[in-house]
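So the structure is just underneath, and the comments pick up after that.
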Amino acid sequence: MQENAQSQKQNYDVIIPTYKPDEKCKRLLDALEKQEVPPRKIILINTEEALFPKSLLEGRNPELYLLKHIKKEEFDHAYARNLGVSFSDAPFFLCMTEDAVPKDSSCTKELLEAFSWKEKIGAVYGRQLTDEESSFDEVLSRSFNYGTEQRICGIEQLPKLGIKCFFQSNVCCMYKKDLFQSLGGFSEPSIFNEDMIYAARMQEAGGKTAYCPRAEVWHSHHFSAMDQFHRNFDLGVSHRDYREIFSKIPAEKEGMKYLKKSMGKLWQEKKALLILPFLYKTAFRFLGYQLGKRYHKLPKSWVFAFTVNPQYFRKKFSKEREKQ
């Protein structure tokens, strides 16, 4: 009986939204199959069936995988994940992005064990590591957001931590499904930031977010200044659209902390020549974020030029026209 109870605690599914999945996604699936505590099911919510490489699942156990296709105009960061969860009947589910790869076979075991740290933990996210593909500013960002100390956050820490209280990332985050369902899942529509929006709602309901640094995943990008601008524009949009959460805790304060700490790190490591390009990229991030928060005041042509998710605004503006 005790063995069955333990098995139930370790029963989880994985939800992965995909779009043109490549070699990194293949490495992700390989790593998930080799976990000490393997998933019960891996659910892929793929955008555009014609762009999904059939070779990705060739030679794999068909009973382990569930593949569902959606149209690009349907995609929404919350909708795709909620759809994936609807096909899961496990007590836990792990959200991952297609470009994140567990560092070793203990990743999911560490995430599951973290739920025992404290009562009411409803979500546990892992540590993101950079590699040789990462740009220098991404290395700084990962160092700032993903340290080596485990932590547990609840709504009572909001005055002290500010927006950091709600920080969690669906790059690699395990959820307790019964709590998730009781809260109605991820808030739709969500252009971005669905993980933090959920964290805020979960903590307001008495749940806790945990950070487990021993659950490590490789996750790297090499974003240009314009890439950062577009991503942070959508971040600003999410803060505007869910201002009932984010207006209480302005992100700028955390941004200034990141700026100061990163510049100090570059100086200490005798990389002063990188300070100017760092400031340049940071300026693009800040500008994108500020414009995103004010997207409702911008010409629609600008909004479509700035966003990474035009389908979000097509649906949004269409609904607004219907109400008029």
Side-chain angles (χ1 to χ4, degrees), residues 97 99-101 103 124-154 156-173 192-193 195-196 199-200 203 209-236 238-239 245-293:
T97 54
D99 59 349
V101 180
K103 180 185 176 184
V124 180
Y125 68 100
R127 186 183 186 192
Q128 297 182 35
L129 305 172
T130 54
D131 58 23
E132 65 278 358
E133 292 181 28
S134 303
S135 56
F136 78 92
D137 55 306
E138 186 178 42
V139 173
L140 292 170
S141 177
R142 293 282 192 273
S143 173
F144 180 76
N145 288 318
Y146 300 93
T148 57
E149 298 293 321
Q150 70 182 48
R151 58 178 175 268
I152 300 171
C153 293
E156 68 280 358
Q157 291 162 283
L158 185 60
K160 178 184 177 182
L161 298 178
I163 197 168
K164 199 80 171 183
C165 188
F166 299 148
F167 186 81
Q168 66 185 46
S169 173
N170 272 345
V171 165
C172 176
C173 189
F192 197 60
N193 223 27
D195 35 23
M196 287 185 66
Q203 290 182 27
T209 296
Y211 169 57
C212 180
R214 292 189 301 277
E216 298 176 309
V217 295
W218 299 109
H219 184 231
S220 60
H221 295 287
H222 198 100
F223 289 133
S224 67
M226 281 307 300
D227 291 333
Q228 296 283 20
F229 172 87
H230 293 304
R231 285 174 58 82
N232 280 272
F233 178 82
D234 285 357
L235 176 64
S238 75
H239 284 200
I245 295 172
F246 296 106
S247 62
K248 309 171 197 172
I249 43 170
E252 289 85 350
K253 185 176 179 181
E254 190 68 15
M256 283 304 299
K257 194 186 297 183
Y258 163 68
L259 179 67
K260 291 176 182 177
K261 187 171 181 178
S262 296
M263 288 180 64
K265 188 176 178 68
L266 288 173
W267 184 263
Q268 289 170 4
E269 294 179 356
K270 298 181 180 179
K271 297 177 181 177
L273 290 177
L274 291 177
I275 289 178
L276 192 57
F278 171 72
L279 289 173
Y280 174 72
K281 282 192 170 184
T282 302
F284 272 75
R285 292 174 68 166
F286 180 76
L287 179 60
Y289 175 73
Q290 293 297 329
L291 287 171
K293 285 209 304 183

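Please read all numbers here as calculations on a predicted model, not as lab measurements.
- In this view, F166 satisfies the ring pair (Phe, Tyr, Trp, His ring centres under 6.0 Å) rule with no residue, not counting sequence neighbours.
- Taking every heavy atom of both residues into account, E149 and Y211 meet most closely at O-CD2, 3.3 Å.
- A search for salt bridge (Lys or Arg N to Asp or Glu O under 4.0 Å) contacts involving K257 returns E254, not counting sequence neighbours.
- Taken to the nearest 0.5 Å, the CD atom of Q228 stands 11.0 Å off from the CG atom of L235.
- Here the closest non-hydrogen pair linking I275 and W267 is CD1-CE3, 4.2 Å.
- Looking at residues two or more places apart in sequence or on another chain, you find a side chain to side chain donor-acceptor pair (under 3.5 Å) between Y125 and R151.
- Residues meeting the ring pair (Phe, Tyr, Trp, His ring centres under 6.0 Å) test with F286, sequence neighbours left out: none.
- Atom CZ in F223 sits 8.5 Å away from atom OG in S135 (nearest 0.5 Å).
- Residues in residues 209-236 take part in these salt bridge (charged side-chain N to carboxylate O under 4.0 Å, His left out) pairs, two or more places apart or across chains: K103-E216, E110-R214, R127-E216.
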Pairs of donor and acceptor atoms involving the side chains of residues 156-165, under 3.5 Å and at least two apart or interchain, shall be tabulated with distances.
from : atom 1 : to   : atom 2 : distance (Å)
E156 : OE1    : K208 : NZ     : 3.2
E156 : OE2    : K208 : NZ     : 2.8
Q157 : OE1    : G154 : N      : 2.8
K164 : NZ     : N145 : OD1    : 2.7

| side chain to side chain donor-acceptor pair (under 3.5 Å) between Q128 and Y146, intermediate numbers included | CA-CA 7 Å; Q128 297 182 35; Y146 300 93; 2.7 Å; yes
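- In plain terms, the two heavy atoms of I249 and I245 that are nearest each other are CG1-O, 3.6 Å.
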| task | Just do the side chain to side chain contact (heavy atoms under 4.5 Å, CB included) check on Y258 and L140 with the steps written out, would you? | result | CA-CA 9 Å; Y258 163 68; L140 292 170; 4.2 Å; yes
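- The NE2 atom of H219 sits 7.0 Å away from the OG atom of S169 when rounded to the nearest 0.5 Å.
- In this structure, C153 and Q203 have side chains that are in contact, with non-hydrogen atoms separated by less than 4.5 Å.
- Residues passing the ring pair (Phe, Tyr, Trp, His ring centres under 6.0 Å) test with H222: none are found, sequence neighbours excluded.
- Summarising the geometry of T148 relative to P213, their closest heavy-atom pair is O-CG, 3.4 Å, with the distance given to 0.1 Å.
- Checked against salt bridge (Lys or Arg N to Asp or Glu O under 4.0 Å), E269 has the following partners two or more places apart in sequence or in another chain: K265, K271.
- Residue pairs meeting the salt bridge (charged side-chain N to carboxylate O under 4.0 Å, His left out) criterion with at least one member in residues 138-148, sequence neighbours excluded: E138-R142.
- One finds the OG atom of S224 at 9.5 Å from the CG atom of D137 (value rounded to the nearest 0.5 Å).
- L266 contributes atom CG, which lies 11.5 Å from atom CG of L276 (distance to the nearest 0.5 angstrom).
- By the side chain to side chain donor-acceptor pair (under 3.5 Å) test, S262 pairs with no residue at all, sequence neighbours left out.
- Counting only distance, with no hydrogens or angles, the side chain of N193 and the backbone of S238 share no donor-acceptor pair below 3.5 Å.
- Residues that satisfy the side chain to side chain contact (heavy atoms under 4.5 Å, CB included) test with A225, not counting sequence neighbours, are Y280, K281, F284.
- Of all heavy-atom pairs between W218 and T130, the closest is CZ3-O, 3.2 Å.
- The backbone N or O of F278 lies less than 3.5 Å from a partner atom in the side chain of T282, making a donor-acceptor pair.
- Note that CD of Q168 is 6.0 Å distant from CG of D195, once rounded to the nearest 0.5 Å.
- For L291, the side chain to side chain contact (heavy atoms under 4.5 Å, CB included) partners at least two apart in sequence or on another chain are F229, F233, L287, L298, F306.
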